[in-house]
Number of protein chains: 2
Amino acid sequence: MPEDCKVETALEILVGKWKPIILYQLFSQGTMRFSELQKALPDITKKMLTSQLRELEYHDIVHREIYLQIPPKVEYSITEYGMRMAPLLQAMNEWGMSHIEHLNELYGAEMQAKR
Amino acid sequence: MPEDCKVETALEILVGKWKPIILYQLFSQGTMRFSELQKALPDITKKMLTSQLRELEYHDIVHREIYLQIPPKVEYSITEYGMRMAPLLQAMNEWGMSHIEHLNELYGAEMQAKR
DNA sequence: ATCTAAGGTATCTTTTTGTATACTAGGTTT
DNA sequence: AAACCTAGTATACAAAAAGATACCTTAGAT
């Protein structure tokens, strides 16, 4: 029965134009400040960065640590629970890489993946 | 390096409001006609069903078989290549189910997953 | 007095997604 | 002759997501 299909739940937390790269950064760098994330993702606006981080925080994937200082300091990191997502992300990453190859075989190497 | 992160490629083919359920149907039912898919997904419009199927077809996940009859008959099925996605979909499904549980523990069982 | 730093909000506009409704084709049924 | 069937397409519209830009806070340095 379709109600048992929870693929969408996984998608829900991953979808959003920037979430995968944000997670990639946090997984590989460990703890990062807001401004460090901004530097790593030059094209993201503060608004987007904030909203994506808040969604990830809601889902207990990302932890937000606020230091009461001036100027402000806020650090983001993957939660312990979030770490459990690593194998899934890796599986998706691997599938993604092989799919790009597959598309190249089908349509030629000059083409980019598109929908 | 972020360019090596291909999670988004996997997302690309799964994103679209109806793709996961369409795939679920085709994986579990095998071959289905356009109208059967419509019956299984009562709230989808023809336009959406068509566009989602075409995207999946482009990615070589779904095969479209046209019978030159009147009234028309078109059958959809998962390609052999598409079958290779099954483990990933299952992994996502399982993660999704456990994540719903986790959210329930955090926020209480009455709440739905949200972003 | 003014400027800077850091981590945001508030507003507004644009782009992307999704929905609603009507229409098509040619043969079959009423 | 009119209506129905299937698998769509065309057009118009609404809603959601993303982007651009301006503004806020507060302590210390200039």
Side-chain angles (χ1 to χ4, degrees), chain A residues 2 7-23 25-26 29 31-59 62-77 112-115, chain B residues 2 7-9 11-26 29 31-59 62-77 112-115:
Chain A
V7 171
E8 301 198 44
T9 304
L11 286 176
E12 217 167 278
I13 95 122
L14 258 8
V15 169
K17 195 169 171 193
W18 302 95
K19 294 219 193 89
I21 327 109
I22 290 172
L23 289 175
Q25 287 295 326
L26 290 177
Q29 305 297 314
T31 295
M32 291 178 89
R33 297 183 61 165
F34 187 85
S35 52
E36 293 179 305
L37 280 164
Q38 266 193 111
K39 269 166 219 153
L41 280 38
D43 291 341
I44 197 172
T45 63
K46 288 166 171 218
K47 184 194 167 189
M48 270 288 114
L49 184 51
T50 303
S51 73
Q52 305 293 285
L53 285 166
R54 292 294 151 81
E55 286 176 21
L56 291 168
E57 193 190 359
Y58 171 84
H59 281 279
V62 159
H63 172 69
R64 179 162 177 257
E65 182 80 31
I66 306 132
Y67 296 84
L68 289 173
Q69 308 176 348
I70 285 186
K73 175 177 172 183
V74 179
E75 283 184 344
Y76 292 91
S77 56
Q112 293 296 97
K114 68 172 183 195
R115 282 164 71 185
Chain B
V7 170
E8 300 197 43
T9 305
L11 288 175
E12 217 167 277
I13 95 122
L14 258 6
V15 169
K17 195 170 170 190
W18 302 93
K19 293 216 193 90
I21 326 108
I22 291 172
L23 289 176
Y24 183 92
Q25 288 295 325
L26 290 176
Q29 306 296 314
T31 295
M32 292 178 88
R33 297 184 61 165
F34 188 86
S35 54
E36 292 178 306
L37 279 164
Q38 267 193 110
K39 268 166 220 151
L41 280 37
D43 291 342
I44 198 172
T45 63
K46 289 164 172 222
K47 185 191 168 193
M48 269 287 114
L49 185 52
T50 303
S51 71
Q52 306 293 288
L53 285 167
R54 293 292 152 83
E55 287 177 20
L56 291 168
E57 192 190 359
Y58 170 84
H59 283 278
V62 159
H63 172 69
R64 178 160 177 258
E65 183 80 32
I66 306 131
Y67 297 83
L68 289 172
Q69 308 176 350
I70 287 188
K73 175 177 174 184
V74 179
E75 283 184 343
Y76 292 91
S77 56
Q112 292 296 99
K114 67 171 182 198
R115 285 164 68 183

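Just so it is clear: chains get the letters A, B, ... in the order the sequence lines come, proteins before strands, and each one is counted from 1.
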Using salt bridge (charged side-chain N to carboxylate O under 4.0 Å, His left out) as the criterion, list what pairs up with B/Glu75, not counting sequence neighbours. B/Lys73

Rounded to the nearest 0.5 Å, what's the gap from OG1 on B/Thr9 to CD on B/Glu12? Could you check? 6.0 Å

If you measure from CG on B/Asp43 to CG on B/Leu49, what distance do you get to the nearest 0.5 Å? 12.5 Å

Could you state the [atom1]-[atom2] distance from [X] to [N], rounded to the nearest angstrom?
X	N	atom1	atom2	value
B/Met48	D/dA16	CE	P	14 Å
A/Leu53	D/dA18	CG	P	14 Å
B/Lys73	D/dG8	NZ	P	13 Å
A/Ile22	D/dA18	CD1	C1'	13 Å

When you measure from the side chain of [X], which nucleotide among [options] comes out closest?
X	options	result
B/Phe34	C/dG7, D/dT6, D/dG8	D/dG8
B/Arg54	C/dG7, D/dT9, D/dA18	D/dT9
A/Thr45	D/dA20, C/dG8, D/dA7	D/dA20
A/Thr50	C/dG7, D/dA7, C/dT9	C/dT9
A/Lys17	D/dA18, D/dT9, C/dG8	D/dA18

Axis-to-axis angle across the helix from C/dA1-D/dT30 to C/dT30-D/dA1, five pairs an end, to 10 degrees? 40°

Reading 5' to 3' through nucleotides 24-30 of chain C, protein heavy-atom contacts under 4.0 Å coded B for base, S for sugar-phosphate only, - for none: --BS---

Can you name the closest pair of heavy atoms from B/Arg33 and B/Pro72 and give their distance? NH2-O, 3.3 Å

Checking A/Glu65 now: which residues fulfil side-chain hydrogen bond (donor to acceptor under 3.5 Å, both in side chains) with it, not counting sequence neighbours? A/His63

For A/Val62, enumerate each residue passing the side-chain contact (heavy atoms from CB on, under 4.5 Å) test, keeping only those at least two apart in sequence or located in another chain. A/Leu23, A/Leu26, A/Leu53, A/Leu56, A/Tyr76, A/Ile78

Non-neighbouring partners of A/Thr45 that pass side-chain contact (heavy atoms from CB on, under 4.5 Å), sequence neighbours left out: A/Lys47, A/Met48

With heavy-atom distances below 4.5 Å as the criterion, would you say the side chains of B/Arg54 and B/Arg64 are in contact? yes

Starting at the 5' end of DNA chain C, which residue's closest nucleotide do you reach first, A/Tyr76 or A/Lys47? A/Tyr76

